[in-house]
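Below you'll find the structure, written out as structure tokens, and then a few comments.
Residue numbering restarts at 1 for every chain, and letters A, B, ... go by the order of the sequence lines. Because the structure is a prediction, the values reported are computed rather than measured.
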Amino acid sequence: MTTIQVHNTLTGKKELFVPVNGNRVLMYACGPTVYDMSHLGHARMTLVYDVIQRYLRFSGYDVTYVRNITDVDDKIINRAKSLGISPEQVAREYTYTFWHDMHCLNIQPPDFEPKATEFIELMIQFTKELIEKGHAYESRGDVYFDVASFKEYGKLGKKTLEDLLVGAREQVKSQDDLADRKRNQVDFALWKSAREGELGWSSPWGAGRPGWHLECSTMTKHVLGETIDIHAGGEDLVFPHHENEIAQSEALHGKPMAKYWLHNSFVQVNSEKMSKSEGNFTTIQNLLGRFSADTIRIFALQTHYRHPIEFSMESLTAAKTALGRLLRAAAYATPAEQSNGAGATAGEAVLKQNAQQITRATAESLDPVNDDLTKQFRKTFTDAMDNDFNTAIATSQLFFLSDKIFVETDENRRRGYATVLVQYARLLGLTLSDTRKQVDDATTKQIVDLVLELRNIARTKKDYETSDLIRKRLADAGLNVMDTGGNTTWEQA
RNA sequence: GGCGGCAUAGCCAAGUGGUAAGGCAGAGGUCUGCAAAACCUCUAUCCCCCAGUUCGAAUCUGGGUGCCGCCUCCA
């Protein structure tokens, strides 16, 4: 079972994946701060770890996947101020939009999705213990982590305390109004005191709120444990976020926080990071209006997760065209394999699909053909995924199999190949449900207008047989056609 | 300034010692009343530059150039 290699940011190397505790895999990914709409960069992050946890389950591991929601943060507070509503309302609203986006993208829900606000008491406890152990100190209502007290600080971000201090000196140090509260420039907040009328919870140090890094340390500890297998997030979280989590957790527990640290690279626009602050982002909802979830997924998975993706409408359109070939190939599968389960709700369909998902152990027995071709396909696919989740190669294999499907003349064999295609596409979270014939409202209106135009041509020619047929058929379809004063209008019956 | 990463066809993008995956675009063909779509076939003598190691390098080493990220909120 231990054939998976993962790139570990901690060591900077690819390593054989061996869980800490037998077959159990405890995995935590840093989720969103819910203060605004999610963009393609967030989609990539959730997509990548969605596929990784799917693949670990496929590989037979007993995975517990946790993705948190940060619902208390300066950005939320600022957003609430500018909107004139409470921070709780902001957090709830954007939690809903996040869930909606994730659902649309066919991201499997995590096993647990803790929110920071649910762990305030435990965060206070965590901070108390750090103070008791001499790793943190109070300063005028704030509590800071004493970086100098944790000698391994910087091991994830490959920085030394000296470098950081020099760097801090180079920076606009004078603008840090907290400088005189901290023992050391690089110390970071575990607890921030609240100003008058600001969001806050009571604590031994007065009203305040937790620092950003603390929530992940606390939730990881209490939802999963003191040492977990995989801790993941975007590349920008390596330092300081994950570095600080390590400092807090390992200073307190005296053991590694996570065995493997995984980080995905960014989505770029014109070679620059897509981000809120750059203003060069495209929201998921905006994208979903123009491209299917499968298209966005193919687009993201065609690049290895540790490499930047260059985003452009052209690339996304290319992915859409490419997906079309996969959809046509998948259409040769049996309806049961291909459909989402007729009559089921979207949620039921997803749960059903997940339940039917193949595993490494069942893949061969569930392969209806199991000839040299599918054996080769399965091996190349899993070899690629075993190699630090190389979805680019795995995806290319879907195209390889599609080509074989198109040239196969034996119907049974072709149906079998298509079934295997669908099985493995689902492993990557692709539904391959055929959206090519879904027509939007604007197009529907144009079509009705076209039909009425043709009907009016018939009426002009006094071909009432045809025009009446059209009216009847439209009525059967639920549309009433009305001729009044030389005008023809229509509405829903 | 410190640390880390990247440079592969028109574009996107795998490959990290054995002689360049895949996708898009492009060309030719099949099909077709026309058109479109679809399918089939083809498309980098070579991987930013220079030097080195090696029987052999896009892949390793050294140097150079360009770009990006982190060090402040960030997936």
Side-chain angles (χ1 to χ4, degrees), chain A residues 9 12 14 29-33 35-36 38-49 67 70 73-76 78 98 154 156-173 175-176 178 185-186 188 212 232-243 262-268 270-278 281 284 298-329 331 380 384 387 390-403 405-407 436:
Chain A
T9 307
K14 240 186 251 182
C30 286
T33 301
Y35 74 106
D36 204 348
S38 299
H39 60 66
L40 184 58
H42 303 107
R44 182 184 193 190
M45 177 257 156
T46 50
L47 223 35
V48 162
Y49 300 114
R67 189 185 60 214
T70 299
D73 179 87
D74 288 359
K75 290 194 294 297
I76 296 173
N78 292 336
F98 175 72
L156 186 71
K158 312 282 181 269
K159 296 171 194 305
T160 65
L161 200 51
E162 292 72 43
D163 290 342
L164 288 164
L165 288 169
V166 171
R169 232 171 280 131
E170 298 279 331
Q171 302 267 320
V172 279
K173 186 178 170 182
Q175 286 179 9
D176 188 349
L178 300 176
Q185 184 64 26
V186 293
F188 56 91
W212 175 38
E235 202 178 16
D236 47 357
L237 298 185
V238 174
F239 195 96
H241 185 55
H242 288 163
E243 191 72 58
L262 271 55
H263 294 96
N264 62 283
S265 187
F266 304 125
V267 174
Q268 302 186 331
N270 296 322
S271 297
E272 296 197 339
K273 177 182 174 184
M274 175 182 283
S275 70
K276 288 274 162 57
S277 46
E278 294 290 330
F281 60 91
I284 297 171
I298 280 272
F299 170 76
L301 298 183
Q302 273 186 314
T303 304
H304 185 91
Y305 77 93
R306 286 192 295 108
H307 287 258
I309 295 185
E310 184 63 32
F311 167 82
S312 67
M313 280 301 162
E314 290 71 27
S315 303
L316 219 36
T317 305
K320 180 182 182 178
T321 309
L323 178 68
R325 280 180 51 209
L326 257 32
L327 294 178
R328 262 168 250 117
T380 311
N387 184 9
N390 193 328
T391 54
I393 290 179
T395 305
S396 77
Q397 286 306 295
L398 301 180
F399 290 102
F400 165 81
L401 190 56
S402 295
D403 286 344
I405 290 169
F406 291 129
V407 297
R436 290 172 302 153

Shortest non-hydrogen separation from A:Lys14 to A:Asn387 and the atoms involved: NZ-OD1, 2.8 Å
Pair partner, B:rU19 [Watson-Crick or wobble, under 3.5 Å]: none
Heavy-atom check, side chain of A:Leu326 versus side chain of A:Ile298, under 4.5 Å: yes
Nucleotide opposite B:rG69 in a Watson-Crick or G-U pair, distances under 3.5 Å: B:rC3
Those residues that, when tested against A:Ala392, pass side-chain contact (heavy atoms from CB on, under 4.5 Å) (two or more places apart): A:Asn390
Nearest-angstrom distance from the residue atom CG of A:Asn264 to P of B:rA75: 11 Å
A:Phe281 vs A:Leu40, side chain to side chain contact (heavy atoms under 4.5 Å, CB included): CA-CA, chis, key distance, verdict: CA-CA 7 Å; A:Phe281 60 91; A:Leu40 184 58; over 6 Å; no
First encountered from the 5' end of RNA chain B, between A:Tyr35 and A:Lys159: A:Lys159
Parallel, tilted or perpendicular, as decided by the 30° and 60° cut-offs, for the rings of A:His242 and A:His263: tilted
Between B:rG69 (C1') and A:Glu235 (CD): distance, integer Å: 6 Å
Rounded distance in Å between the C1' positions of B:rC6 and B:rU16: 14 Å
Assigned partner base of B:rA44, Watson-Crick or wobble definition, under 3.5 Å: none
Letter per nucleotide, 5' to 3', of nucleotides 8-19 of chain B [B base touched, S only sugar-phosphate touched, - untouched; heavy atoms, 4.0 Å]: ----SSSS----
Rounded P spacing from B:rU65 to B:rC73 in Å: 33 Å
Any-strand Watson-Crick or G-U partner of B:rC39, both distances under 3.5 Å: B:rG29
Between B:rU41 and B:rC34 - C1' atom distance, rounded Å: 26 Å
side-chain hydrogen bond (donor to acceptor under 3.5 Å, both in side chains) assessment of A:Asn78 paired with A:Tyr35: CA-CA 9 Å; A:Asn78 292 336; A:Tyr35 74 106; over 6 Å; no
Atom-to-atom span, CG of A:Leu323 to P of B:rA38 - whole angstrom: 13 Å
Pairwise P distance for B:rC42 and B:rC50, with rounding to whole Å: 32 Å
Nearest-Å distance once atom C1' is located in both B:rC55 and B:rU19: 13 Å
Student check: side-chain heavy atoms of A:Phe98 and A:Thr46 closer than 4.5 Å: yes
C1' atoms of B:rA25 and B:rG64, separation to the nearest Å: 34 Å
Contacts under 3.5 angstrom, residues 315-323 of chain A side chains, donor-acceptor by atom type, not counting sequence neighbours:
residue, atom, partner, partner atom, Å
A:Ser315, OG, A:Ser312, OG, 2.9
A:Thr317, OG1, A:Met313, O, 2.7
A:Thr321, OG1, A:Thr317, O, 3.0

Strand partner of B:rG52, provided both Watson-Crick or wobble distances fall under 3.5 Å: B:rC60
Using a cut-off of under 3.5 Å, enumerate the N/O to N/O pairs linking the protein to nucleotides 39-42 of chain B.
none

Shortest non-hydrogen separation from A:Arg325 to A:Ser402 and the atoms involved: O-OG, 4.5 Å
Touch class at under 4.0 angstrom, heavy-atom based, for A:Gly233 against every strand present: sugar-phosphate
Spacing of the P atoms in B:rA21 and B:rA9 (rounded, Å): 14 Å
Touch class at under 4.0 angstrom, heavy-atom based, for A:Gly157 against every strand present: sugar-phosphate
A:Arg44 side, atom CZ; A:Phe299 side, atom CZ - distance, nearest 0.5 Å: 8.5 Å
Separation of B:rG2 C1' from A:Glu162 CD (nearest whole Å): 12 Å
Euclidean distance, atom CG of residue A:Leu164 to atom P of B:rG1 [Å, nearest integer]: 17 Å
Sugar-phosphate only, base, or nothing, as touched by A:Thr46 at under 4.0 Å among non-hydrogen atoms: nothing
A:Asp236 and A:Phe266: CA distance, side-chain angles, deciding distance, side chain to side chain contact (heavy atoms under 4.5 Å, CB included) verdict: CA-CA 9 Å; A:Asp236 47 357; A:Phe266 304 125; 3.6 Å; yes
Residue pairs passing the salt bridge (charged side-chain N to carboxylate O under 4.0 Å, His left out) test where at least one lies in residues 300-313 of chain A, sequence neighbours excluded: A:Arg306-A:Asp388
Between C1' of B:rC24 and CZ of A:Phe311, the distance in whole Å: 15 Å
Atom pair distance, as rounded to whole Å: CG in A:Leu401 and C1' in B:rG23: 16 Å
Heavy-atom check, side chain of A:Phe311 versus side chain of A:Met274, under 4.5 Å: yes
Side chain to side chain contact (heavy atoms under 4.5 Å, CB included) between A:Val267 and A:His39, intermediate numbers included: CA-CA 10 Å; A:Val267 174; A:His39 60 66; over 6 Å; no
Atom-to-atom span, CZ of A:Phe239 to C1' of B:rC3 - whole angstrom: 10 Å
Between the protein and nucleotides 65-68 of chain B, list the N/O to N/O atom pairs that are separated by less than 3.5 angstrom.
residue, atom, partner, partner atom, Å
B:rC68, O2', A:Gln268, NE2, 3.4

Partner nucleotide of B:rC24 by Watson-Crick or wobble geometry (both distances under 3.5 Å): B:rG10
Separation of the C1' atoms in B:rG5 and B:rG17, to the nearest angstrom: 22 Å
